[in-house]
Amino acid sequence: MGNINHVCFRNFDLDQPWTFEAYENMGGYKAWRKILRGELTREFVLEEMKASELRGRGGAGFPTGLKWSFLNPNAPGQKYVVCNSDEGEPGTCKDRDILRYNPHQVIEGMAIAGFVMGATVGYNYIRGEFYEPIERFEIALQEAKAAGLIGLELKDTKVAFDLHTHIGAGAYICGEETALLESLEGKKGYPRFKPPFPANFGLYGQPTTVNNTESFASVPIILEKGSKWFSEQGIPNNGGTKIFCVSGHVNKPGNYEVPLGMPFSELLELAGGVRDGNKLKAVIPGGSSAPILTADVMMKIDMDFDSLAKAGSMLGSGAVIVMDETTCMVKVLSRLAHFYDEESCGQCTPCREGTGWVSRIVHRILHGDGKPDDLDLLDNVAANMIGRTICVLADALAMPVQSFIRCFREEFEYFIEHGKSMVEGN
């Protein structure tokens, strides 16, 4: 892939990159100032967003420009832009670093989005445990307001955009955009039925667009360098760079911003390879809700939305969880099942009951009480969870369950028969 052009992490070599001065010195707020001076139109910015082939970085991978076009800027009444910085997907740790080191780029991206969609108010919903990211973002927001760039009454311009920080309380379900909106309104974070979609009925019943932190942070660069430059950083239909959170059994875990479409083998090399010289066994490529893939599949695959979907998994949030040959898959699935059982909001019966059933069955297998028909039972329960709930939390457990059994059935059968793992040392 040659040299990597960073987008969200482009300022990491600067001293105190989170400051207003540092951001302005590298060209920050240039696009927003053009908008304030009336030099860019909504139509131009929207077309640039579409041409950039930026796809949502929070998990779904929906084209960002297309999503923005769903909200009518001329609709009467208040409209809102909301940033989803909840980041609760296990294995994901990118958005907090964007907020820590490049908060102004998120602010500018949200302001530009507000301009395009006619929204004059925005909220950044940040996970409550993120003490330093919250502090950095709030300081940056006050700097932007003091500079006269953010607010409802900006001097010598008809454009206005006010922005607020909202701190969540650590509920995984609030990463789902409609549950996040319910939480913003001060209610319990229950996902809403769709339709109506947020573009028509969002925050306080008004038109709203919700995007991920990394998505908003990519926007100023698209306008600064052009949609063609951005799209060419990736591959067709997968424009730009993507931050992959590489964790697990690698020598150098961390956040890596690389072009979309980079082969997994190259990403693994950047992360120092598999630890202790062990063999790669499996990878969860897009956060804990993504179906697991075996080493043979992963070493032949490219890291983009379409390639991973074709392989039977998904890019998701970009959390790449690497597992070596010492990993017991029964233990991994037991941990994941427990998490989703705990985090289910309980609104939908298939999720409320299904996550509990899956957790108890896998727990039973793990403790030597598995039954020969447990794997078929797990598969059946998972099949009856998928697509039968208001949001996709049920799917987020059901899909991994089916993939674990499909890819590593012999491990589960061995554990049921012998009451212990077939992996030495487990």
Side-chain angles (χ1 to χ4, degrees), residues 89-91 172 246-251 253 264 268 271-299 311-313 319-344 351 353-386 393-426:
E89 181 75 4
Y172 175 80
V246 185
S247 64
H249 301 157
V250 292
N251 288 308
F264 170 75
L268 182 62
V274 182
R275 67 173 187 181
D276 302 329
N278 290 338
K279 293 180 180 177
L280 180 68
K281 181 174 183 177
V283 177
I284 300 176
S288 64
S289 58
I292 195 169
L293 295 174
T294 63
D296 290 343
V297 174
M298 284 303 304
M299 292 305 289
S313 188
V320 181
I321 304 170
V322 178
M323 291 168 272
D324 68 14
E325 59 192 318
T326 68
T327 307
C328 173
M329 292 301 163
V330 179
K331 288 186 176 181
V332 176
L333 185 58
S334 177
R335 171 54 59 187
L336 293 181
H338 176 73
F339 172 81
Y340 286 103
D341 181 29
E342 289 288 309
E343 292 295 336
S344 173
C351 182
E353 301 299 326
T355 54
W357 290 347
V358 168
S359 183
R360 288 191 294 273
I361 294 167
V362 181
H363 182 83
R364 188 172 71 222
I365 294 172
L366 183 63
H367 288 81
D369 298 319
K371 300 174 183 178
D373 62 349
D374 275 348
L375 299 186
D376 290 337
L377 179 58
L378 279 171
D379 198 53
N380 181 263
V381 171
N384 282 284
M385 293 167 64
I386 292 178
L393 190 145
D395 301 47
L397 175 58
M399 291 189 299
V401 165
Q402 292 180 327
S403 66
F404 269 76
I405 294 173
R406 181 174 63 252
C407 294
F408 298 100
R409 190 179 186 94
E410 71 282 358
E411 278 199 42
F412 287 84
E413 290 175 337
Y414 186 95
F415 219 121
I416 290 170
E417 183 177 351
H418 300 280
K420 64 178 183 179
S421 176
M422 67 185 295
V423 181
E424 189 176 350
N426 279 284

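Position 1 is the first residue of the sequence; numbering continues from there. Given the structure is predicted, the values throughout are model-derived calculations rather than measurements.
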How close do Ala398 and Ile386 get, heavy atom to heavy atom, and via which atoms? CB-CG1, 3.4 Å
Atom CG of Asp324 and atom CZ of Arg275: how far apart are they, to the nearest 0.5 Å? 4.5 Å
Rounded to the nearest 0.5 Å, what separates atom CE in Met323 from atom CD1 in Ile284? 4.0 Å
Are Met385 and Val358 close enough that some pair of their side-chain heavy atoms sits under 4.5 Å apart? yes
Does Phe412 reach the side chain of Leu333, with side-chain heavy atoms less than 4.5 Å apart? yes
What pair of heavy atoms forms the shortest contact from Ser289 to Tyr340, and how long is it? N-OH, 3.3 Å
From Glu410 CD over to Glu417 CD, what is the distance, rounded to the nearest 0.5 angstrom? 13.0 Å
Between Ser403 and Pro400, is there a donor-acceptor pair closer than 3.5 Å when you use the side chain of the first and the backbone of the second? yes
Looking only at non-hydrogen atoms, find the nearest pair between Ser288 and Leu336 and report the distance. CB-CD2, 3.5 Å
Do the side chains of Lys279 and Asp296 get close enough for a salt bridge, i.e. N-O under 4.0 angstrom? no
Could you measure the distance from the CD1 atom of Ile361 to the CG atom of Leu378? Nearest 0.5 Å is fine. 4.5 Å
Spacing of CD belonging to Glu342 relative to OH belonging to Tyr172, to within rounding of 0.5 Å: 14.0 Å
Are side-chain heavy atoms of Leu268 and Met299 found at a separation under 4.5 Å? yes
Is there side-chain contact between His367 and His363, with at least one heavy-atom pair below 4.5 Å? yes
Minimum heavy-atom separation for Glu89 and Gly287, please, with both atom names. OE2-C, 3.3 Å
Per the side chain to side chain contact (heavy atoms under 4.5 Å, CB included) rule, which among Thr294, Val297, Leu293 passes with Cys407? Thr294
Looking at side-chain heavy atoms only, is the closest gap between Leu377 and Val381 below 4.5 Å? yes
Do Phe415 and Cys328 make a side-chain contact, defined as non-hydrogen atoms from C-beta onward lying under 4.5 Å apart? yes
Side chain proximity check, Ile416 to Leu375, heavy atoms < 4.5 angstrom: yes
Taking all heavy atoms of Ser421 and all of Val423, pick out the closest pair and write down the distance. OG-N, 3.0 Å
Side chain to side chain, Gln402 and Asp379, heavy atoms closer than 4.5 Å: yes
Is a side-chain N or O of Thr355 found less than 3.5 angstrom from the main chain of Cys351, in a donor-acceptor match? yes
Which value, rounded to the nearest 0.5 Å, describes the distance between His249 atom NE2 and Thr327 atom OG1? 4.5 Å
Over all atoms of both residues, closest heavy-atom pair of Ser334 and Leu366: OG-CD2, 3.6 Å
Within a radius of less than 6.0 Å around CZ of Arg335, do more than 12 heavy atoms belonging to other residues, nucleotides or ligands occur? no
Quick check against the 3.5 Å criterion: does Ser247 have a side-chain atom that pairs as donor or acceptor with the backbone of Ile321? no
